[in-house]
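Every heavy atom of this structure was used, including side-chain atoms; hydrogens, water molecules and symmetry mates were not.
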Amino acid sequence: MSCYATPDQLKRRLGVVYEAIYESDEDAVSDLDDARAEIDGCIVKRYRVPVTAETAVALLQGWNLTLAEERAYSRTAGSEYAEKVSSRVARVRKYLEMILAGTFQLAGAEENPDAPGAGMTLVQVSEPVFTRELMKGF
């Protein structure tokens with residue numbers, strides 16, 4: 001599976017701890033694949049995966065690195081990581097929830113026509129003014 005991010009990008013993100021966490025790049029690829037699966041599992045309900053639109057891929061790359069970073073730190077003894085990592089992970093998952101809810105869009109990403117509800121439009125309207133009950137006597 002090809003990821004939105006590479007082991008070299010994850011190495012730059014993690015810095016010196018990369019070598020302490022990963023024995024080989026294959027382990028990093030595993031974490032990147034897991035993170036991508038989480039992302040694609042959410043966005044496939046709205047978009048074709050893998051997403052190839054350049055602007056969306058740039059965003060997904062950061063999300064892929066953030067979620068893989070969480071997995072990297074969970075490999076270490078104690079499994080604790082900085083609050084800033086935790087808040088970035090929470091923010092990514094919030095965006096994924098927003099995509100599922102339809103309140104956030106990936107710019108340029110191709111809609112998934114096979115997704116449940118694809119092509120469906122939901123409209124919220126006010127209460128009817130002229131109903132049988134309200135019109136009684138007229």
My understanding is that only residues two or more places apart in sequence, or in another chain, count here; which of them pass side-chain hydrogen bond (donor to acceptor under 3.5 Å, both in side chains) with [X]?
X     : answer
Tyr18 : Asp25
Glu26 : Ser24
Arg71 : Glu38
Tyr22 : Asp31

Legend entry - Listed once per pair and sorted, the salt bridge (Lys or Arg N to Asp or Glu O under 4.0 Å) pairs that draw on residues 4-17, sequence neighbours left out: Lys11-Glu19, Arg13-Glu69
Legend entry - Shortest non-hydrogen contact from Gln9 toward Ala5: OE1-CA, 3.1 Å
Legend entry - Hphob cluster co-occupancy, Leu100 + Leu67, side-chain heavy atoms under 4.5 angstrom: no
Return the [atom1] to [atom2] distance between [X] and [Y], rounded to the nearest 0.5 Å.
X     : Y     : atom1 : atom2 : value
Glu70 : Asp34 : CD    : CG    : 11.0 Å
Glu83 : Ser86 : CD    : OG    : 5.0 Å
Leu10 : Cys3  : CG    : SG    : 10.0 Å
Arg93 : Ile39 : CZ    : CD1   : 9.5 Å
Thr6  : Leu65 : OG1   : CG    : 7.5 Å
Asp27 : Ile21 : CG    : CD1   : 11.0 Å

Inset, instruction - Kindly indicate whether the side chain of Arg75, heavy atoms from C-beta on, has any atom under 4.5 Å from the side chain of Ser30. - result: yes
Legend entry - Test item: Tyr73 and Leu14 side chains (from C-beta on) under 4.5 Å apart, heavy atoms: yes
Legend entry - Close aromatic pair by centroid cut-off 6.0 Å: Trp63 and Tyr4: no
What side-chain donor-acceptor pairs closer than 3.5 Å can you find for residues 48-59, not counting sequence neighbours?
unit_1, atom_1, unit_2, atom_2, d
Arg48, NE, Glu110, OE2, 2.9
Thr55, OG1, Ala107, O, 2.9

Legend entry - Identified side chain to side chain contact (heavy atoms under 4.5 Å, CB included) counterpart of Asn64 within the set Leu32, Asp33, Asp40: Leu32
Legend entry - Listed partners of Glu111 passing side-chain contact (heavy atoms from CB on, under 4.5 Å), at least two apart: Arg46, Tyr47
